[in-house]
Amino acid sequence: MSAPKKLFVKTYGCQMNVYDSERMAEALGSEGYVATDTPDDADMILLNTCHIREKAAEKVYSELGRLKPLKSAKPDLKIGVAGCVAQAEGEEITRRQPAVDFVVGPQAYHRLPDLVAKTKTGAKPVETEFPEEDKFEHLPARPGGTLARRAPAAFLTVQEGCDKFCAFCVVPYTRGAEVSRPVEQVLNEAGNLVARGVREITLLGQNVNAYHGIGPDGEVWSLAQLIWALDKIEGLARIRFTTSHPNDMSDDLIDAHGSCAKLMPYLHLPVQSGNDRILKAMNRKHTGEAYIKLIARIRAARPDILLSGDFIVGFPGETEEEFQDTLKLVEAVGYGQGYSFKYSARPGTPAAERAEVADDVASERLYRLQALLGQQQKAAQDAMVGREVSVLFERAGRQTGQWVGKSEYLHAVHVTSDEIQPGDLRRVRITGSGTNSLAGTLM
Ligand code: SAH
Ligand code: SF4
Ligand code: F3S
């Protein structure tokens, strides 16, 4: 048998890309590729790209420029571009960078073995249509218990694409229309993950709480129904989901946060802005007040829930006063974690046609918002000191004997002990709060 070929995958962007990279590596595994963690000795390099903000495509082209010498040194090396830049740019990529052998979009990567075969004849296939068939039905089944154990926390895509068309966002164009995977497909994959040692599953979707998959009973199931079905899997200890849209936070999902013990008390619920005129211009279809009321209902169901959000500053036309409404909303909600971005015009989106806020103004707003979110994040972390949490340990820390895991609130927790194995779920007393993590001792 010939030596296995080596595959190097570089992943940019959101958690769904992390998941897709794993599935692509598995698909190429059937073609005899094994993973390597450096591009230098690879037989294939796959860039799994993100298009969400500025200069995404430019970054990919400069990365490709850096990889080109590897290809000159090793003409058999295959270079592929996958992900959302692949979807958005298509053939332009092979035109601009001849070192690229193939381009594949996020909905077509089940065809990877086919594409790779084509490159052997010197073709440069570009596969960016949204195929009729379900890629998940065509990917190799995810192996179950017979294979090596894997890291204790895993992602699982249950919903993909977006029909919301926020005025600033490329996702509806790069990922396509909203599609939910059937319940049984999800349960099978979850069962196989658990058989391989996974104890925490994060359900992924661009609008995961809009999940509407066909259940085994032929009815359409909600995300909450899916969560309750996952709750029954023995060995699975924790369930999370991301990312949600405020308008799809249904009653049964809010209730699940109060009553499903495996559903972790953490919710990422982006609002983008606190100003109603801007929210309307963004096509978010809710007001700031509606969001604040929603948060109150969620907190009534699960008082200790830790909230996180996404915010955009400097959306076209945003005034100083309108920006201050975002600060006020952040003050009113109190986030444990926040991700804020300077608006970036994306070609092809409605907002890209509108006059932009001056860059220095947007930068200054970003600075103020990040300062506030940083304070809230620190306060939420500091408030954990003295409390008892449960930690799922994932890996060894930097110092000898140190282990790192996540609390139910998604805080990273460091513990030094010789009793810990990855995958252990232990009660921990929090003793200190650092820059981005907590320290604790086993109970
Ligand atoms: N589906 C999720 C998030 C998608 S992208 C949702 O609906 O919230 C992740 C985050 O990137 C968004 O929440 C938004 O805050 C940010 N983002 C998206 N497009 C952007 C743009 N053009 N400029 C700046 N930030 C953007
Ligand atoms: Fe983008 Fe809006 Fe869809 Fe989120 S809901 S993916 S921000 S269009
Ligand atoms: Fe980026 Fe595509 Fe995810 S644009 S954020 S990789 S859906």
Side-chain angles (χ1 to χ4, degrees), residues 10-21 24 47-57 59-60 81-89 104-107 109 128 155 157 159-179 204-211 241-249 267-274 278-279 281-286 291 307-316 318 326 330 335 337-354 356-357 359 362-363 365-366 369-370 373:
K10 184 162 178 178
T11 309
Y12 305 78
C14 61
Q15 288 120 323
M16 198 174 287
N17 264 10
V18 175
Y19 174 83
D20 288 340
S21 288
M24 287 193 278
L47 302 183
N48 193 12
T49 61
C50 172
H51 205 234
I52 202 79
R53 276 172 294 273
E54 209 191 356
K55 300 197 182 93
K59 272 187 221 155
V60 173
V81 179
C84 289
V85 174
Q87 188 63 42
E89 295 268 299
V104 62
Q107 301 310 350
Y109 64 73
T128 53
F155 294 131
T157 293
Q159 178 280 336
E160 210 173 338
C162 182
D163 296 340
K164 296 273 193 297
F165 291 93
C166 298
F168 50 82
C169 184
V170 291
V171 171
Y173 312 96
T174 62
R175 291 272 167 176
E178 239 177 70
V179 179
L204 298 182
Q206 267 87 37
N207 268 300
V208 72
N209 57 345
Y211 177 84
F241 60 89
T242 197
T243 295
S244 300
H245 191 289
N247 288 359
D248 294 313
M249 267 330 277
L267 178 65
H268 183 60
L269 197 60
V271 66
Q272 317 297 356
S273 164
I278 294 294
L279 283 167
M282 286 177 163
N283 196 29
R284 288 292 290 186
K285 298 200 172 80
H286 61 77
Y291 180 86
L307 291 164
S308 113
D310 289 342
F311 309 87
I312 295 177
V313 303
F315 186 78
E318 185 188 68
T326 300
V330 171
Y335 289 92
Q337 183 72 252
Y339 304 89
S340 47
F341 312 100
K342 207 155 66 162
Y343 168 75
S344 161
R346 310 308 293 130
T349 61
E353 311 294 315
R354 305 176 197 164
E356 283 186 49
V357 169
D359 189 60
S363 296
R365 287 179 193 166
L366 184 65
L369 178 57
Q370 287 185 339
L373 289 167

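Whatever order the structure lists ligands and atoms in, that order sets their numbers, starting from 1. For the single chain, residues carry numbers from 1 onward in sequence order.
- Inclusion of Ser344 in the set of residues having an N or O under 3.5 Å from an N or O of ligand 1 is warranted.
- Distances below 4.0 Å separate heavy atoms of Pro270 from the following atoms of ligand 1: 8 (O).
- No donor-acceptor pair under 3.5 Å is formed between the side chain of Gln159 and the backbone N or O of Tyr211.
- Taking a distance limit of 4.0 Å, we find that atom 4 (C) of ligand 1 is approached by no protein heavy atom.
- Side chains of Ile52 and Cys169 form a contact here, defined as non-hydrogen atoms less than 4.5 Å apart.
- In this structure, the protein non-hydrogen atom closest to atom 24 (C) of ligand 1 is Lys342 O, 3.4 Å.
- Protein N, O or S atom count below 2.8 Å of atom 2 (Fe) of ligand 2: the structure gives 1.
- Of the protein's non-hydrogen atoms, the one nearest atom 1 (N) of ligand 1 is Gln206 O, 2.7 Å.
- Judged by distance alone, with hydrogens and angles left aside, the side-chain atoms of Gln107 form a donor-acceptor pair with the main-chain N or O of Arg175 at under 3.5 Å.
- Between the side chains of Asp20 and Tyr109, a donor-acceptor pair is found at a separation under 3.5 Å.
- Residue-to-ligand polar distances keep His245 apart from ligand 1: every N/O pair is separated by 3.5 Å or more.
- The distance from ligand 1 to the heavy atoms of Arg346 drops below 4.0 Å at these ligand atoms: 22 (N).
- Side-chain N or O atoms of Asn283 include one that pairs as donor or acceptor with a backbone N or O of Phe165 at under 3.5 Å.
- When hydrogens are left out, the protein atom nearest atom 2 (C) of ligand 1 is Thr243 CG2, 3.5 Å; that is the closest non-hydrogen contact.
- Counting only heavy atoms of the protein, atom 19 (N) of ligand 1 lies nearest to Phe168 CD1, 3.3 Å.
- Side-chain atoms of Thr157 do not come within 3.5 Å of backbone N or O of Leu204 as any donor-acceptor pair.
- Heavy-atom minimum distance, Ala281 versus Ala167: O-CB, 3.4 Å.
- We find that Glu54 and Arg346 are not joined by a salt bridge, their nearest charged nitrogen and carboxylate oxygen being 4.0 Å or further apart.
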_Please evaluate residues Met249 and Asn209 with respect to the criterion side-chain contact (heavy atoms from CB on, under 4.5 Å), reporting the C-alpha separation (whole Å), side-chain torsions for both, the decisive distance (0.1 Å), and the verdict._
CA-CA 6 Å; Met249 267 330 277; Asn209 57 345; 3.4 Å; yes
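- Residue Gln272 has at least one heavy-atom neighbour below 4.0 Å for each of these atoms of ligand 1: 8 (O), 12 (C), 13 (O), 14 (C), 15 (O).
- The atoms of ligand 1 that sit less than 4.0 Å from any heavy atom of Arg53 are 11 (O), 16 (C), 17 (N), 23 (N), 24 (C), 25 (N), 26 (C).
- Ligand 1 does not have Lys164 within reach: every non-hydrogen atom of the residue lies 4.0 Å or more from it.
- Annotation for Ser244 and Val208: closest pair OG-CG1, 3.9 Å, computed over non-hydrogen atoms.
- When all heavy atoms of Ala362 and Gly314 are compared, the closest pair comes out as CB-CA, 4.3 Å.
- Here the rule is side chain to side chain contact (heavy atoms under 4.5 Å, CB included) with Met282, and of Cys166, Pro316, Ser273 only Ser273 fits it.
- Residues Gln87 and Thr128 approach most closely at NE2-O, 2.6 Å, considering heavy atoms.
- Under a cutoff of 6.0 Å and an axis angle of 45°, Arg53 and Phe341 form a cation-pi pair.
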*Stepwise, does the side-chain hydrogen bond (donor to acceptor under 3.5 Å, both in side chains) test hold for His268 with Ser308?*
CA-CA 5 Å; His268 183 60; Ser308 113; 2.4 Å; yes
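- Per-residue contacts place Arg284 under 4.0 angstrom from the following atoms of ligand 1 (heavy atoms of the residue considered): 7 (O).
- Asp310 OD2, 3.4 Å is the protein heavy atom nearest to atom 10 (C) of ligand 1.
- Only protein N, O or S atoms were scored, and 1 of them lie under 2.8 Å from atom 3 (Fe) of ligand 3.
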*Checking side-chain contact (heavy atoms from CB on, under 4.5 Å) for the pair His286/Leu279: CA distance, chi angles, key distance, verdict?*
CA-CA 7 Å; His286 61 77; Leu279 283 167; 4.0 Å; yes
